[in-house]
Number of protein chains: 2
Amino acid sequence: MKRRPTIMDVAARAGVSKSTVSLVLQGSPQVKPATRSAVQDAMAEIGYVYNRAAANLRSASVGLVGLVINDLRNPFFTEFATTLQMTLAAQGYATVIANSDEDPTLQAKLVASMIEHGVTALVISPAYGEASDTFDALARRAIPVLQVLRKGDERTGIFPFASFDYAGGSAAATRHLVDQGARNIAFVGGLPGRAITRERKSGWREVLKEQGIAEIALHGKSSRAFGMQAAETLLADHPKVDAAVCFNDLVALGLMTGFARAGRPIGQGFPIVGFDDIEEAAQSWPPLSSVACDIAGFARETADRLLAWMVEGQRPEPEIRSPVRLVARASSLGVGP
Amino acid sequence: MKRRPTIMDVAARAGVSKSTVSLVLQGSPQVKPATRSAVQDAMAEIGYVYNRAAANLRSASVGLVGLVINDLRNPFFTEFATTLQMTLAAQGYATVIANSDEDPTLQAKLVASMIEHGVTALVISPAYGEASDTFDALARRAIPVLQVLRKGDERTGIFPFASFDYAGGSAAATRHLVDQGARNIAFVGGLPGRAITRERKSGWREVLKEQGIAEIALHGKSSRAFGMQAAETLLADHPKVDAAVCFNDLVALGLMTGFARAGRPIGQGFPIVGFDDIEEAAQSWPPLSSVACDIAGFARETADRLLAWMVEGQRPEPEIRSPVRLVARASSLGVGP
DNA sequence: CTTAGCTATTGGATCGTTCCAATTCTAGTC
DNA sequence: GACTAGAATTGGAACGATCCAATAGCTAAG
């Protein structure tokens with residue numbers, strides 16, 4: 001009675017065989033238009049819904065993409081995840097989004113659960129930490145896996161990796177600050193020892209070397225709170241520092257708040273540049289200069305690459321870097337509030 | 001060769017029957033420990049993964065929960081979604097998160113896709129707009145559906161609804177501003193005609209009536225940008241207004257930025273209170289007073305309610321309101337920066 | 001009227017698991 | 001050594017779709 005209707009029920013109602021119903025479901029041009037609409041009416045009448053699980057059992061590919069993100073609360077990743085999901089949805093693929101919350105154990109569970117549910121492909125921005133088992137399991141099934149935005153530990157090199165040209169971005173930012181007359185440019189934020197910190201620092205370091213400037217770097221969690229704390233540290237311990245490249249916008253905004261609190265608003269003689277160009281950057285006061293990563297564009301490219309891999313079996317290059325763009329705003333242009 | 005191994009392969013390897021393997025998978029106490037470990041070894045050796053789709057085909061319930069959110073980019077919803085997912089994950093349930101992006105059409109597609117994938121239950125914060133078809137389909141299958149945070153159109157009353165006591169919260173906020181000596185308290189933000197705007201306004205209105213204060217409300221998109229715009233409007237057209245209750249923190253932060261830009265920092269003679277108490281509220285300058293909704297707690301309660309419904313068939317009450325808490329910070333306490 | 005050559009439809013096998021009833025094993029008792 | 005109760009294991013049917021080879025229906029040509 002409460003049983004959910006099957007194609008057999010539809011077939012009985014429409015007076016055809018289950019095979020015909022199946023053909024209609026797959027949009028086969030084989031079926032006569034009259035038959036097709038009879039079947040469709042029958043489906044509507046008895047409230048039939050497709051049972052994808054049953055279908056996949058017989059016919060492999062599912063059209064289900066898994067997306068595992070290390071920190072979904074971070075707006076940067078949220079934007080990426082939602083855009084990717086919507087792009088894939090437009091192509092008829094369903095996406096399962098999951099947040100590993102930087103926990104490799106949870107991440108392993110999530111990935112396992114996704115494999116069990118039969119994802120056809122996986123996009124992952126890995127949590128830091130030991131995860132070789134997780135990746136081994138993925139490699140063993142021949143599931144297309146795309147690492148994005150972040151590289152896991154060394155062993156994950158088996159899977160293609162796509163991200164932004166962070167080094168180029170921070171170099172551009174640093175050069176911009178030099179152009180503004182800054183001489184002692186600190187690097188603020190980023191946990192030490194991580195690939196992304198290394199990348200974002202390397203561009204800054206390169207320019208400093210070029211200019212013969214000494215390095216001052218403050219590392220820590222990439223949060224607003226750390227930025228505020230860093231402001232105090234800079235003001236107290238590094239009075240000569242006259243500009244900063246920040247690991248990301250959150251740190252930069254925190255830094256801005258910290259300076260404002262100390263009565264030394266950013267932008268007047270102390271230019272800073274953030275990274276990521278999150279929505280808030282343009283809306284802070286003063287507006288925050290930032291290295292813009294076109295996340296939405298990147299998400300769309302990711303979707304394209306994934307589809308090319310899934311559908312045409314065309315594996316992407318092992319490492320892809322999307323260009324970034326420096327957006328100069330008041331926070332680095334000496335235009336005070 | 002590349003075929004993914006099945007329980008038959010495991011059975012062959014372990015020298016038992018497929019039924020025994022199945023029992024091991026289900027953790028049945030029936031199997032002899034020796035047999036159990038033999039089977040488990042075999043699974044490890046050939047890299048077996050459970051095929052949930054096949055299992056569900058035979059035995060109904062899946063342990064898959066759908067979560068459809070109207071705007072996943074909004075940190076408020078992000079926090080809810082991630083906490084809910086992690087809580088359910090701890091209970092062994094997988095969660096599919098999807099973002100409808102306020103688009104009823106996309107929402108319908110997402111819900112349909114989830115039903116096809118066989119979700120056992122659905123949590124939805126509906127997009128505004130016509131969605132009766134979507135909900136009819138859900139009602140027809142007897143899938144537990146919990147509406148959260150937002151009520152859809154009137155027709156969705158069929159499903160239980162859980163949210164916060166918004167009216168109580170805005171009443172508390174308004175009373176607090178009155179206590180600070182404010183007399184002309186504006187309400188800023190919220191799109192007109194929506195249930196949530198009505199609720200958040202009603203508490204404010206109630207207190208104004210009590211105090212015999214005239215109403216001034218500025219409605220608009222609940223964004224930082226609108227808050228900035230509202231600041232200009234208030235300063236230009238409503239010079240008498242001396243405090244504001246904001247629809248949410250984003251608007252409040254925008255308002256703060258707008259006032260700062262105009263050289264009239266918030267907190268000095270112009271107290272404001274936001275709503276939601278997002279992480280940023282405590283970190284802005286001045287720190288923003290806000291009506292705190294314990295989203296993480298709410299998400300955990302939601303998970304509990306859902307589990308009670310799914311597992312014990314215990315349908316929640318038609319309308320549940322979780323209490324909120326006013327967090328007074330500098331933005332409403334007259335403590336200037 | 002038969003038949004070839006289409007197009008449209010169909011029955012049966014199949015996917016990987018669970019469920020059930022039936023069978024085999026084990027050990028204890030007489 | 002036969003018997004039995006319980007524990008452990010097993011083979012086959014079932015879930016709801018797809019796929020394939022086979023069949024039915026139709027038209028036009030011979």
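The model shown is predicted, which means the values in this text are computed figures rather than measured ones. Order of the sequence lines sets the chain letters (A, B, ...), proteins ahead of strands, with each chain counted from 1.
For Arg150(B), the salt bridge (charged side-chain N to carboxylate O under 4.0 Å, His left out) partners at least two apart in sequence or on another chain are Glu102(B). With sequence neighbours excluded, the residues satisfying salt bridge (charged side-chain N to carboxylate O under 4.0 Å, His left out) with Arg321(B) are Glu199(B), Glu319(B). The side-chain hydrogen bond (donor to acceptor under 3.5 Å, both in side chains) search around Arg315(A) returns none, not counting sequence neighbours. With sequence neighbours excluded, the residues that form a side-chain hydrogen bond (donor to acceptor under 3.5 Å, both in side chains) with Arg305(B) are Glu301(B). Remark: Arg13(B) engages Glu45(B) in a side-chain hydrogen bond (donor to acceptor under 3.5 Å, both in side chains) (not counting sequence neighbours). Contacts of Asp9(B) classified as salt bridge (charged side-chain N to carboxylate O under 4.0 Å, His left out), with partners at least two apart in sequence or in another chain: Arg3(B). Annotation: side chain to side chain contact (heavy atoms under 4.5 Å, CB included) contacts of Ala108(A) (sequence neighbours excluded): Thr134(A).
Rounding to whole angstrom units, CD of residue Glu116(B) and C1' of dT18(D) are separated by 15 Å. Separating the CG atom of Asn51(B) from the P atom of dA17(D) is a distance of 16 Å, rounded to the nearest angstrom. When the P atom of dA14(D) is taken as reference, atom CE of Met8(A) falls 12 Å away, rounded to whole Å. We find that CG of Asn56(B) is positioned 14 Å from C1' of dA17(D), with the value rounded to whole Å. Spacing between atom CG of Asp9(A) and atom C1' of dG16(D) amounts to 10 Å, rounded to whole angstrom units.
Summary of helix geometry: the two end axes of the helix from dC1(C)-dG30(D) to dC30(C)-dG1(D), each defined by five base pairs via their C1' atoms, are inclined to each other by 70° (rounded to 10°).
For Gln26(A), a side-chain nitrogen or oxygen approaches OP1 or OP2 of dC19(D) to under 4.0 Å.
Of the listed nucleotides (dG11(D), dC15(D), dT18(D)), dC15(D) has the atom at the smallest distance from the side chain of Arg58(B).
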Quick test: give all pairs of protein nitrogen or oxygen and nucleotides 5-9 of chain D nitrogen or oxygen below 3.5 Å, distance rounded to 0.1 Å.
{"residue": "dA8(D)", "atom": "OP2", "partner": "Gln30(B)", "partner atom": "O", "Å": "3.1"}
{"residue": "dA8(D)", "atom": "O5'", "partner": "Gln30(B)", "partner atom": "O", "Å": "3.3"}
{"residue": "dT9(D)", "atom": "OP1", "partner": "Thr35(B)", "partner atom": "OG1", "Å": "2.4"}
{"residue": "dT9(D)", "atom": "OP2", "partner": "Lys32(B)", "partner atom": "N", "Å": "3.1"}

Anything under 3.5 Å between a donor and an acceptor, one on a side chain of residues 21-36 of chain A, the other on a protein residue two or more places apart or in another chain? List them.
{"residue": "Ser22(A)", "atom": "OG", "partner": "Gln26(A)", "partner atom": "NE2", "Å": "2.9"}
{"residue": "Gln26(A)", "atom": "NE2", "partner": "Ser22(A)", "partner atom": "O", "Å": "3.0"}
{"residue": "Ser28(A)", "atom": "OG", "partner": "Gln30(A)", "partner atom": "N", "Å": "3.0"}
{"residue": "Arg36(A)", "atom": "NH2", "partner": "Ser28(A)", "partner atom": "O", "Å": "3.0"}

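Within a 6.0 Å radius of CD in Glu317(A), other residues, nucleotides and ligands contribute 12 heavy atoms or fewer.
At a threshold of 4.0 angstrom between heavy atoms, the contacts of Ala54(B) include nucleobase atoms, whether or not backbone atoms are also involved.
Every pair passing ring-ring contact (aromatic ring centres under 6.0 Å, His included) that includes a residue from residues 294-316 of chain A is listed here, sequence neighbours excluded: Phe80(A)-Phe298(A), Phe164(A)-Phe298(A).
Between Lys18(B) and Ser22(A), the residue whose closest nucleotide on DNA chain D is further toward the 5' end is Lys18(B).
A distance of 8.5 Å separates CG of Leu64(B) from CG of Asn56(B), quoted to the nearest 0.5 Å.
Where DNA chain C meets chain A (any atom under 4.0 Å from a heavy atom), the bounding nucleotides read 5' to 3' are dA8(C) to dG16(C).
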